[in-house]
Visitor: 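Here you go, one structure.
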Amino acid sequence: MIYQFSFRYFSQKFTKPMITNHGIWEIRESIIIRLIDEKDDVSWGEISPISWFGSETIKQALDFCYQLPQTITKEIIFAIPDKLPACQFAFESSTHPGGFRLCSSELQSPNLTYSGLLPAGKSALNQWSNLWEQGYKTFKWKIGVNEINQELEIFDLLISSLPTSAKLRLDANGGLTYQQAKLWLKKCDQFSPKIEFIEQPLSVDKFTEMQELSNLYLTPIALDESIANLHQLESCFQQGWRGIFVIKPGIFGSPSQLREFCKQHQIDIVFSSVFETEIGRQASLQLAAKLSTNNRAVGFGINHFFQQQEANWLESLWKTF
Ligand SMILES: O=C(O)CCC(=O)C1=CC=C[C@@H](O)[C@@H]1C(=O)O
Ligand SMILES: [Mg+2]
């Protein structure tokens, strides 16, 4: 199969900067790719890297796209190197039959439940209720951003105001020390099982410590940055991780290799957004609908992280050069 290939750089400003232990993220940069096959069918893909999670940078992805010929084949697509996981995801998912169709980005796959992302710090206290009104029952709150005693106080206020049926996830983005992680896990155990998990409490190089912690407390630990791509996932699985796995399809690499891994091994997966457009979102949610386990809510809550795009944003993008 031969495809006519073209691409466009696309960036969106977060309405509120995404603040995590990694820092302040203000602009989401992406590359939208378009493939037209021999039957003139058009399909779309999205390259949305997160280099501080270990994926390629937007510049490396752009350099890759610039060096591609205007007509590409499936061989070229399936030969994209593993050091370009966001490109692997975009090109492979755009060759899927029944790929992306332009439709409302409010697309919510019927058989998935969604987690709403709360902002770091005390503004989480007045944000959760309008998400609750929209039907979210699972929330995720960033920690490891402010001073720990301040965050523990906010946590007490947050957990006591959330409805009993709500679930709360904490995400430290690897920002806690071992002692701080024990403090948080001890605190969360007091509210077990309301705290679904603590995501990436320690940095990627502290795998053994996270394994130790996962045997000492009730509250589960989820790996995210530690398993950002297929190689890291295989390595943590081989080293015996059987806790929760947060998978970000947009930066993970080849969707078919992820499906293959999940066929071989029953792992407890939570799917997570990379703050992509509806193109990457649809491709990711198709994977989540197939591979989600344990009815875990997917971290794709529509929290309007960006200004609403006009309906024909894609056509107008292709008019620009
Ligand atoms: O997983 C979710 O609930 C939403 C997505 C999300 O939290 C993240 C997406 C991308 C980078 C990070 O800021 C953050 C994460 O660490 O999971
Ligand atoms: Mg995370």
Side-chain angles (χ1 to χ4, degrees), residues 12 14-30 46-58 85-86 89 105 108 112-121 124 127-128 131 134 136-145 166-176 181 184 195-204 206 210 220-229 232-233 236 241 243-252 268-277 280-281 284-285 287-288 291-292 295-306:
Q12 297 187 83
F14 282 106
T15 38
K16 279 198 230 58
M18 195 55 61
I19 303 173
T20 72
N21 174 262
H22 292 289
I24 300 176
W25 186 6
E26 295 190 309
I27 305 220
R28 182 346 130 222
E29 297 184 281
S30 303
E46 177 177 346
I47 305 171
S48 279
I50 307 183
S51 55
W52 54 96
F53 267 58
S55 84
E56 66 272 49
T57 61
I58 192 75
F89 169 75
S105 65
Q108 305 267 49
L112 291 173
T113 51
Y114 293 79
S115 163
L117 185 63
L118 298 174
Q127 292 276 315
W128 69 265
L131 289 172
Q134 291 174 47
Y136 291 98
K137 299 253 180 295
T138 301
F139 302 90
K140 180 159 102 168
W141 184 46
K142 295 281 170 189
I143 59 172
V145 174
K167 278 191 185 160
L168 182 63
R169 299 165 172 180
L170 302 181
D171 189 350
N173 290 100
L176 303 177
W184 272 110
I195 310 303
E196 191 181 355
F197 52 75
I198 296 189
E199 195 171 313
Q200 200 72 37
L202 304 181
S203 51
V204 173
K206 302 255 182 350
M210 285 189 283
I221 291 175
L223 297 182
D224 183 6
E225 286 85 338
S226 289
I227 53 155
N229 57 50
Q232 288 177 277
L233 170 62
C236 289
W241 186 260
I244 298 170
F245 296 80
V246 175
I247 300 274
K248 289 181 166 49
I251 56 168
F252 184 81
D268 188 349
I269 295 189
V270 171
F271 280 86
S272 173
S273 161
V274 296
F275 302 121
E276 56 278 288
T277 74
R281 176 188 177 83
S284 301
L285 291 180
L287 274 171
L291 303 174
S292 275
N295 292 323
R296 297 262 188 216
V298 293
F300 282 84
I302 298 207
N303 304 38
H304 298 304
F305 298 112
F306 307 107

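Indexing begins at 1, ligand by ligand and atom by atom, following the structure's order.
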Visitor: Given a heavy-atom cut-off of 4.0 Å, could you list the residues near ligand 1 in chain and number order?
Guide: Thr20, Ile50, Phe53, Leu117, Lys140, Lys142, Asp171, Asn173, Glu199, Asp224, Lys248, Ser272, Ser273, Phe275, Gly299
Visitor: How about Asp171 and Asp224: do any of their side-chain heavy atoms sit closer than 4.5 Å?
Guide: yes
Visitor: Is the distance between the ring centroids of Phe306 and Phe275 under 6.0 Å?
Guide: no
Visitor: Check side chain to side chain contact (heavy atoms under 4.5 Å, CB included) between Ile19 and all other residues, then give those that pass, not counting sequence neighbours.
Guide: Ile24, Val145
Visitor: So, Trp128 versus Tyr136, ring centres under 6.0 angstrom or not?
Guide: no
Visitor: What class does the angle between the rings of Phe14 and Trp25 fall in, given that below 30° is parallel, 30 to 60° is tilted and above 60° is perpendicular?
Guide: perpendicular
Visitor: Report yes or no: do Thr20 and Lys142 form a side-chain donor-acceptor pair below 3.5 Å?
Guide: no
Visitor: Counting only protein atoms, how many N/O/S atoms are less than 2.8 Å away from the Mg ion (ligand 2)?
Guide: 3
Visitor: Taking the side chain as C-beta and beyond, is there a heavy-atom pair between Phe300 and Ser284 under 4.5 Å?
Guide: yes
Visitor: Could you list the residues that satisfy side chain to side chain contact (heavy atoms under 4.5 Å, CB included) with Ser226, not counting sequence neighbours?
Guide: Gln200, Val204, Met210, Leu223, Cys236
Visitor: Judged by modelled atom types alone, do Glu276 and Ser48 share a side-chain donor-acceptor pair under 3.5 Å?
Guide: no
